[in-house]
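From a predicted model like this one, the values you see are computed outputs, not experimental measurements. Just so it is clear: chains get the letters A, B, ... in the order the sequence lines come, proteins before strands, and each one is counted from 1.
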Amino acid sequence: MWQPNKLEAERVERITELEARGIDPFPRRVRRTHSAAQAIAAYEAAEPAGAEAAQSTAVIVCGRVRRVNLKGKISFMHIEDESGRVQLMLRVNDLGEATYDLIKDKLIDTDDFVEAAGTMMRTKAGEISVLVREFTLLAKSLSPLPVVKQQVQDDGTVVEYGEFSDVEQRYRQRYADLAVNREVRDVFLKRAQVLRAIRRFMDNEGFLEVETPVLQPVYGGAAARPFTTHHNQLKQDLYLRISFELYLKRLLVGGYDAVYEIGRDFRNEGVSFKHNPEFTMMEFYKAYIDYTGVMDITERMLASVARDVLGGTQIVYQGQTIELAPSWTRLTMREAIRQFAEIDYMDYPDAASLEAAIRANGDSVAPGLPWGKLVGHLFETHVESKLIQPTFIIDYPRDISPFAKKVDYDDLHVERFEFYIAGMEMGNAFTELNDPRDQEQRFIEMAKLYKTGADDETPLDEDYLRAMRYGMPPNGGWGMGIDRLVMLLTDQRTIRDVLLYPHLREEK
RNA sequence: GGCCCUGUAGCUCAACGGCAGAGCAGUUGACUCUUAAUCAAUUGGUUGUAGGUUCAAAUCCUACCAGGGUCACCA
């Protein structure tokens with residue numbers, strides 16, 4: 001039940017007063033002809049032909065009132081729509097007493113939506129404005145938005161006074177955050193541009209965009225704990241997907257050469273500045289290439305997206321300049337760890353000796369981890385955060401990579417890479433395993449390695465094996481966290497700032 | 001889940017054991033080219049919740065709630 005505070009109660013009273021004056025605070029019809037930016041552009045376009053021509057530019061603009069400057073018988077307002085702001089000049093002589101009194105009696109609040117019909121002009125101070133002849137309330141605001149005043153400096157930069165910065169409130173009430181903080185709106189505009197740029201690139205590369213089930217009877221394709229749910233009528237337990245991998249690769253069996261999907265994954269794990277329980281994943285699978293071909297696509301894709309969205313391949317993330325243009329550094333996992341941790345894990349080819357070596361090196365590590373996880377631990381503690389420029393880390397331990405083909409030079413590694421930018425893992429890819437007998441063996445090994453019910457249990461997917469038995473072309477597969485890419489391209493420090501509604505606990 | 005930090009007016013913040021304050025906005029008034037408008041006056045609080053210590057608690061203690069950071073876990 002809504003308990004209006006004092007400021008809100010004042011606005012509720014104004015609705016009563018408006019209605020008493022015969023004014024509908026939430027009318028149905030709107031007559032907008034120009035966005036704020038279009039109105040200003042129309043004036044600028046007409047100006048070279050002379051002031052008289054420019055001042056005959058008739059517009060009807062609509063937007064949210066962001067500033068009211070009531071000074072007696074003349075008033076100024078700034079209204080804002082998605083395109084930007086435009087100033088209204090309102091005079092009692094032009095509007096008539098009855099309409100002007102709405103402003104004078106303060107029945108129009110900051111945050112209300114209004115419509116203004118008039119002609120364009122330039123004020124003495126030089127601001128292009130609408131000289132308003134008809135002024136209409138479009139929608140009343142009952143709760144005041146946080147006050148953020150802006151001053152435009154001579155050099156065009158905007159200085160803000162007052163702010164809405166409490167992160168909890170910003171996330172819980174994202175609508176207020178967006179309404180008040182222009183730069184937040186810009187992040188999500190850019191996010192949409194990133195997705196468009198990716199799809200454009202994939203189209204040009206000949207990929208087919210597909211959609212596969214979110215509700216899966218058997219989850220798989222990644223090491224993560226799933227969310228579970230239940231279909232009542234079918235009496236069937238289901239999992240929210242943790243990856244698209246197994247469903248997409250079945251499509252290569254079906255005869256598509258190159259497919260991709262962009263969609264939501266769900267992982268029932270910790271929340272952090274780079275983890276949200278639901279996040280946007282992209283995966284692609286392409287027949288007749290191996291992981292070197294996938295690396296090639298990765299470099300070209302990110303460079304292309306950066307060019308489309310930012311106009312160039314050089315970006316600045318949290319103060320660090322990063323060059324996304326090909327070719328990126330390629331480093332084997334073994335070489336990377338040798339460089340940064342000064343351990344050659346191949347000197348310790350079993351879990352027991354590697355664990356001892358890690359301890360001797362001064363690191364603490366959970367006891368009893370499989371060999372591949374120990375290698376991963378070394379990588380995460382010593383290497384990951386140092387990979388600022390785009391880097392492919394290639395050739396991963398076999399025992400933590402159940403869907404990748406073995407390398408040709410030993411039995412411990414597979415053709416897998418992850419790519420890192422700004423110290424963050426951005427994605428993961430393999431030369432995909434397509435031998436059904438080997439794949440079945442890997443499922444069995446994983447089951448031995450990770451107990452049933454463990455966070456990263458990899459259940460055996462019989463139908464996936466059945467598909468593979470029909471023959472799967474050799475292929476390269478790839479996955480990338482879209483949210484992290486958006487963080488990178490919009491210079492945001494946390495995943496919460498690139499998600500419109502990041503996950504929060506229930507409000508009490 | 002462990003540890004650390006934070007929670008005070010609509011927003012941003014002070015007060016750190018002794019009367020809970022400021023700026024912004026809000027309210028009232030003045031102003032027909034203002035733009036962080038200005039000038040004058042003025043309202044506004046269950047200090048996250050529940051207990052406890054104390055003559056006295058926003059302040060100290062305990063538990064809980066929420067957010068952030070970090071470690072664990074993961075992508």
Side-chain angles (χ1 to χ4, degrees), chain A residues 4-11 13-14 66-78 85 87-95 100 104-106 109-111 121-127 129 131 142-153 158-173 176 180 221-225 242-243 265-277 279-281 283 364-366 369 373 376-377 380-381 384 400 418 420 424-428 454-456 479-484 493-496 502 504-508:
Chain A
N5 65 32
K6 193 188 165 207
L7 300 182
E8 291 168 332
E10 285 166 6
R11 292 188 177 199
E13 272 178 45
R14 279 177 211 132
R66 296 310 304 269
R67 166 183 163 262
V68 181
N69 182 8
L70 169 63
K71 34 188 288 93
K73 296 191 171 73
I74 185 168
S75 297
F76 296 88
M77 285 183 191
H78 274 116
R85 292 188 182 198
Q87 181 171 255
L88 310 181
M89 182 155 101
L90 304 128
R91 296 185 302 201
V92 69
N93 301 7
D94 303 318
L95 294 173
Y100 193 79
K104 208 184 94 201
D105 297 339
K106 296 196 175 178
D109 287 287
T110 311
D111 312 323
M121 50 96 60
R122 205 182 265 277
T123 62
K124 280 181 187 164
E127 182 166 353
S129 308
L131 180 59
L142 294 187
S143 301
L145 286 167
V147 180
V148 177
K149 290 188 172 186
Q150 295 180 326
Q151 182 183 29
V152 182
Q153 307 280 56
V158 175
V159 180
E160 291 196 342
Y161 298 86
E163 56 180 337
F164 180 48
S165 55
D166 182 286
V167 290
E168 182 176 353
Q169 286 206 75
R170 284 185 45 231
Y171 298 148
R172 285 201 194 282
Q173 303 191 45
V180 160
R225 186 190 293 189
I242 59 170
S243 90
D265 269 349
F266 307 84
R267 297 189 183 177
N268 205 338
E269 287 163 353
V271 176
S272 82
F273 75 96
K274 47 183 175 175
H275 299 87
N276 196 65
F279 62 101
T280 301
M281 187 71 179
E283 293 186 25
S364 64
V365 65
L369 288 177
K373 288 220 151 193
H377 174 87
E380 279 160 30
T381 32
E384 181 169 5
I400 53 169
E418 291 188 344
Y420 289 82
M424 239 188 328
E425 183 194 339
M426 303 298 297
N428 183 17
D455 289 5
D456 35 19
M480 176 177 71
I482 294 284
D483 312 287
R484 290 185 183 177
R493 207 175 41 82
T494 121
I495 195 169
R496 292 182 284 265
L504 296 178
R505 267 180 232 264
E506 195 179 0
E507 198 175 8
K508 298 227 169 115

Output all residues satisfying salt bridge (Lys or Arg N to Asp or Glu O under 4.0 Å) with E168(A), sequence neighbours left out; order by chain, then residue number. R172(A)
On the nucleotide U35(B), are OP1 or OP2 found under 4.0 Å from the side-chain N or O atoms that K124(A) carries? no
Taking only residues two or more places apart in sequence or in another chain, which ones pass side-chain hydrogen bond (donor to acceptor under 3.5 Å, both in side chains) with S129(A)? Q87(A)
Partner set under salt bridge (Lys or Arg N to Asp or Glu O under 4.0 Å) for D111(A), not counting sequence neighbours: R11(A)
Of the listed nucleotides U35(B), G68(B), U32(B), the one nearest the side chain of R496(A): G68(B)
Nearest-nucleotide pick for R505(A), side chain only, options being U12(B), G69(B), G67(B): G67(B)
If only side-chain N and O atoms of R225(A) are considered, is one of them under 4.0 Å from the OP1 or OP2 phosphate oxygen of C74(B)? no
Proximal nucleotide (of G68(B), G67(B), U35(B)) relative to the E168(A) side chain: G67(B)
Under a 3.5 Å threshold, yes or no: a donor from one side chain and an acceptor from the other, between E384(A) and Y420(A)? no
Under the salt bridge (Lys or Arg N to Asp or Glu O under 4.0 Å) test, which residues partner R91(A), sequence neighbours left out? D94(A)
Could you go through nucleotides 22-27 of chain B and list every protein N or O atom that sits under 3.5 Å from one of its N or O atoms, giving the distance for each pair?
residue, atom, partner, partner atom, Å
C24(B), O3', K149(A), NZ, 3.1
A25(B), OP1, K149(A), NZ, 2.5
G26(B), O2', E10(A), OE1, 2.4
G26(B), O2', E10(A), OE2, 3.1
U27(B), OP1, R14(A), NH2, 2.4

Between Q151(A) and U35(B), is there a contact of a side-chain N or O with OP1 or OP2 at under 4.0 Å? no
Donor-acceptor pairs under 3.5 Å, side chain of residues 70-77 of chain A to any protein atom, not counting sequence neighbours: which ones?
residue, atom, partner, partner atom, Å
S75(A), OG, Y100(A), OH, 2.7

I'd like to know if E127(A) reaches the base of U35(B) with its side chain, counting only an N/O donor and acceptor under 3.5 Å. yes
Taking A58(B) as the reference, what is the distance to U8(B) when you measure between their C1' atoms (whole Å, please)? 7 Å
List the residues meeting side-chain hydrogen bond (donor to acceptor under 3.5 Å, both in side chains) with T280(A), not counting sequence neighbours, and say none if there are none. R191(A)
With a non-hydrogen cut-off below 4.0 angstrom, is Q150(A) in contact with a base, only sugar-phosphate, or nothing? sugar-phosphate
Contacts of type salt bridge (Lys or Arg N to Asp or Glu O under 4.0 Å), residue E418(A), not counting sequence neighbours: R416(A)
Using Watson-Crick or G-U wobble pairs with both distances under 3.5 Å, give me RNA chain B in dot-bracket, 5' to 3', with [ ] for crossers and | for pairs to another strand. (((((((..((((....[..)))).(((((.......))))).....(((((..]....))))))))))))....
For A37(B) and R67(A) - does any side-chain N or O of the residue sit under 4.0 Å from the phosphate oxygens OP1/OP2? yes
